[in-house]
Every structure is written in structure tokens, then in C-alpha cells.
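Remarks on the structure that follows.
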Amino acid sequence: METLSEIISFLQSSPSILGKRDIQTAAATVGQYVRGADGSQIRIGDDCAAIPDGKGYLLFAAEGIWPQLVARDPWFAGWCAVMVNLSDIAAMGGSAIAIVDTLWSVSVEGSQQVWAGMQAAAAAYGVPIVGGHTNCHSDYDGLAVAVLGRAEQLITSFDAKPGEALMMAVDMAGNYHGDYAFWDAATAAEWGALRSHLSKLEELANLELCSAGKDISMGGLAGTLLMLCEASGCGALLNLNKVPRPDGVKWTKWLTSFPSYGFLFSVPVKNVAAVEQLLVIDGVVCQMVGEVRLGTSVALQLGDEQRLFWDLVQSPLTGFGASAGIGFGADSGFVETDLGGHSLCLA
């Protein structure tokens with residue numbers, strides 16, 4: 001059985017979490033805000049860029065895919081490139097409009113499985129691929145995808161408030177994809193279920209039931225919690241006793257896993273039951289897993305034991321959010337390792 005100390009030690013040196021520090025280069029270069037063409041301020045560092053547009057927002061997300069995944073598992077890389085962007089759009093309360101891709105391959109034949117994966121995901125989720133860039137005479141295989149969406153009401157990463165409940169929503173009707181830390185509840189799912197699940201996030205936003213949220217992506221639940229707290233300038237307690245987890249899966253793996261449908265929300269306590277009622281459908285589990293706290297410390301609980309996991313003042317992660325400006329590369333005493341995950345995007 002893993003002890004809380006062992007779990008925290010593993011997480012503090014996890015490449016999938018420490019890799020998020022690369023985003024600090026964007027924060028240092030671009031800043032916390034940019035000015036739009038119409039003069040409006042656009043805040044940077046969320047799951048998507050949210051651009052004011054009439055009564056709502058245009059949402060713009062982009063992801064670069066780990067080159068090794070493209071080379072080793074091209075169909076799955078194509079699927080993931082679409083899925084992760086659609087998850088980003090949904091996480092901010094939006095619906096996706098269209099997809100564009102940028103594909104490099106060493107040959108026409110080498111691109112076919114990537115295309116097949118992207119087309120399969122686009123068809124499953126009902127969002128068209130409308131253009132992009134293709135090069136089939138490259139020295140390497142590479143893939144990036146961007147998605148445009150729209151939202152009436154936003155779920156941002158910047159508005160979690162101390163005293164609110166942390167809630168996790170995750171589709172448990174899946175399995176791990178090979179040796180990857182990817183919980184796949186999507187590739188064999190009914191198309192209608194995939195679309196319905198994502199649409200619930202837009203409904204959640206329009207009902208204004210939560211204050212903040214993020215999709216659980218690279219870095220897993222643990223890394224996503226750090227990014228949410230950093231963006232909102234708060235701390236948190238994550239109670240592992242309440243976190244849904246597949247049978248037989250170690251905490252160290254689950255807390256750094258990327259679920260195909262997984263989200264973390266900060267919810268006013270009075271709305272917890274309503275959020276559960278809205279999101280618990282077709283294998284999706286949604287429940288309270290902790291609380292938002294004052295300060296910048298993120299703690300974990302297992303059994304009756306609580307321990308500090310991360311202090312975002314001592315060790316900034318992305319550099320975006322209420323605690324920005326602390327300094328790039330701050331010395332936390334945590335072990336840093338070479339990266340080995342998806343490339344990272346501004347949003």
C-alpha cells in the first residue's frame with residue numbers, strides 16, 4: 001500500500017507535472033493579458049483563449065502532440081489531438097465549431113493512420129476538420145491541432161474561492177490505453193454519449209453552478225489542481241479518500257493520468273447537489289473530493305493524515321494567474337527531470 005509520503009514524493013518529481021513549468025516561458029514573454037483587435041483585454045493562461053465576441057466569447061485552443069506518440073501509435077495520436085482540444089473547449093463552458101490541423105510525416109503512407117484517427121474523433125464528436133497544413137516530405141512525424149468554439153458563459157480557471165467544494169467529474173467506464181497513463185473512455189464509446197457528456201459542461205456554465213474549472217489533462221488530477229489553484233491564487237485540500245479511482249490502480253498512476261473525460265471544478269457548497277445531478281450520467285462519476293482554501297498551499301489527505309504537497313509561492317508552476325510574477329525557475333527543492341509528454345500550449 002502506498003503511503004501519503006510516497007505519493008507526494010512521486011508527484012513532486014513527476015515529469016508530467018514538472019513539464020508544466022515550460023509554460024512559464026510563455027507567461028514571461030506574453031504576460032497575463034493581451035489586447036485584442038477591438039481593444040479588449042484577453043486574459044491568458046486558461047484552457048482556451050476566450051475572446052469577447054458580441055454577447056459571448058470565441059474560444060480558441062491548440063495542442064501539440066508528443067512526437068513519440070505520433071510515431072508509435074499514429075491512429076491514437078490523431079484521435080487524441082482532436083479529443084484534447086474539444087475537452088478544453090468544453091471545460092470553459094463552450095461548444096466546438098471547427099478543427100484545423102498541422103501534420104508533418106515522412107511519407108503519404110505514414111500520414112494515413114494519423115488522418116484516420118483525427119477523422120474518427122471528428123466524426124464521433126460531430127465537429128468537422130475544415131483545414132490546416134500538411135507536409136508528407138518531412139524528416140519526422142509531428143502533429144498539432146487547433147479548435148475554434150463559442151461560449152455564452154465562461155467557466156474560467158481564475159475564479160475559485162476559498163470555502164468552495166472541489167468536485168471531480170470523470171467517466172469511469174474505460175480502460176488504460178496500453179502502457180500510457182491515458183484512461184480511455186472514448187474510443188469505443190457511443191457517439192451520442194460522447195457528445196452528450198461534453199454538452200453538459202456548456203449547460204453547467206450557462207446555469208452558473210460553478211465558479212471555476214479545468215479539464216484534467218497532462219499532469220493528471222494532481223497537476224490540474226495545482227494549475228487551478230495557481231490561476232485563482234488560492235490553496236486547496238484534495239482528499240484522496242473521496243477521489244474515485246479504478247480498482248487496482250495505484251494512486252501514483254491515477255493522480256497523473258489523463259482521462260478522456262475528466263474535469264475539476266470549484267463549486268459553491270450550495271450547488272454541489274445540483275452539479276452532481278447534472279453530470280452523473282452514463283458511467284460518469286461526479287463527487288466532492290476536497291475544498292478550496294486560503295493561501296497558496298495545496299495539501300493531500302489519505303486516511304486521517306494530511307501533508308503538504310506543493311506551495312505555489314515557493315514553486316510556481318505555469319506562471320499564469322493570481323500569483324504571477326514570483327519568478328521563473330524558483331527553487332522549490334523538488335527534483336526536476338527531463339520532459340517526456342505532450343508539448344504545451346499557451347491556453
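Counting from 1, the numbers follow the sequence of the chain as shown.
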Return the minimal non-hydrogen interatomic distance between [X] and [Y], and the atom names on each side.
X    : Y    : value
A96  : L86  : CB-CD2, 3.4 Å
G223 : L317 : O-CD2, 4.2 Å
D311 : S297 : OD2-OG, 3.3 Å
Q32  : G319 : NE2-O, 3.0 Å
V275 : C286 : CG1-SG, 4.0 Å
T134 : W115 : OG1-CZ2, 3.8 Å

From [X] atom [atom1] to [Y] atom [atom2], the distance as rounded to the nearest 0.5 Å:
X    : Y    : atom1 : atom2 : answer
N206 : L204 : CG    : CG    : 9.0 Å
S217 : F258 : OG    : CZ    : 5.0 Å
S9   : R307 : OG    : CZ    : 10.5 Å
S232 : M227 : OG    : CE    : 12.0 Å
R245 : W183 : CZ    : CH2   : 12.0 Å

Under a single-linkage definition using a 4.5 Å side-chain heavy-atom cutoff for Ile, Leu, Val, Met, Phe, Trp and Tyr, are [X] and [Y] assigned to the same hydrophobic cluster?
X    : Y    : answer
L207 : L279 : yes
V289 : V249 : yes
V100 : I89  : no
F320 : V34  : yes
F265 : I281 : no

Side-chain donor or acceptor of [X] paired with backbone N/O of [Y] under 3.5 Å:
X    : Y    : result
W310 : S315 : yes
Y57  : E152 : no
Q112 : V108 : yes
Q12  : F309 : yes
S266 : A160 : no
T29  : A26  : no
E164 : K161 : yes
E230 : L312 : no
N85  : A62  : yes
E202 : S199 : no

Other members of the hydrophobic cluster containing [X], with the 4.5 Å side-chain heavy-atom rule, please.
X    : result
W104 : Y140
V106 : none
V280 : none

Say whether [X] and [Y], considering side chains only, have a donor N or O and an acceptor N or O under 3.5 Å apart.
X    : Y    : result
E2   : T252 : yes
Y176 : S257 : yes
S14  : S16  : yes
N135 : S138 : no
D46  : S157 : yes
D73  : H177 : yes

Should the pair R43 and F158 be classed as cation-pi, given the thresholds of under 6.0 Å to the six-membered ring centre and 45° from the axis?
-> yes
Is the NZ or CZ atom of K200 positioned over F263's six-membered ring, under 6.0 angstrom from the centre and within 45° of the axis?
-> no
Aromatic ring pairing Y180/W66, orientation class (parallel under 30°, perpendicular over 60°, tilted between) | perpendicular
Return the orientation label for the W79 and Y125 ring planes: parallel under 30°, perpendicular over 60°, tilted otherwise.
-> tilted
Is there a side-chain contact (heavy atoms from CB on, under 4.5 Å) between D88 and E63 once you walk through the steps?
-> CA-CA 10 Å; D88 283 338; E63 292 280 353; 3.2 Å; yes
Should the heavy atoms of other residues, nucleotides or ligands under 6.0 Å from [atom1] of [X] be counted, would the total exceed 12?
X    : atom1 : answer
D139 : CG    : no
H133 : NE2   : yes
E6   : CD    : yes

Can you sort out the partners of [X] under side chain to side chain donor-acceptor pair (under 3.5 Å), two or more places apart, ordered by chain and number?
X    : value
D184 : T187
D215 : S87
E291 : R293

Could you give me the CA-CA distance, side-chain angles and deciding distance for M167 and E276, then say whether side-chain contact (heavy atoms from CB on, under 4.5 Å) is met?
-> CA-CA 9 Å; M167 298 191 71; E276 289 178 347; 3.5 Å; yes
T318/Q24 under side chain to side chain donor-acceptor pair (under 3.5 Å): CA gap, chis, key distance, verdict | CA-CA 5 Å; T318 70; Q24 292 184 34; over 6 Å; no
Acceptor/donor pairs from residues 234-244 side chains to any protein atom, 3.5 angstrom cut, sequence neighbours excluded:
from : atom 1 : to   : atom 2 : distance (Å)
N239 : OD1    : N241 : N      : 3.0
N239 : OD1    : N241 : ND2    : 2.8
N241 : OD1    : G303 : N      : 2.8
N241 : ND2    : G303 : O      : 3.0

Could you go through the side-chain contact (heavy atoms from CB on, under 4.5 Å) check for L11 and L300 one step at a time?
-> CA-CA 11 Å; L11 295 175; L300 303 185; 3.9 Å; yes
Results of side chain to side chain contact (heavy atoms under 4.5 Å, CB included) for [X] - residues two or more places apart only:
X    : result
S107 : E109
A77  : I65, L69, V70
A116 : W75

Can you name the residues that form a ring pair (Phe, Tyr, Trp, His ring centres under 6.0 Å) with W251, not counting sequence neighbours?
-> none
Evaluate the criterion side-chain contact (heavy atoms from CB on, under 4.5 Å) for residue pair L148 and L59; output intermediate values, then yes/no.
-> CA-CA 6 Å; L148 181 69; L59 302 178; over 6 Å; no
Mind checking salt bridge (Lys or Arg N to Asp or Glu O under 4.0 Å) for D282 and listing every partner two or more places apart, or none if nothing turns up?
-> none
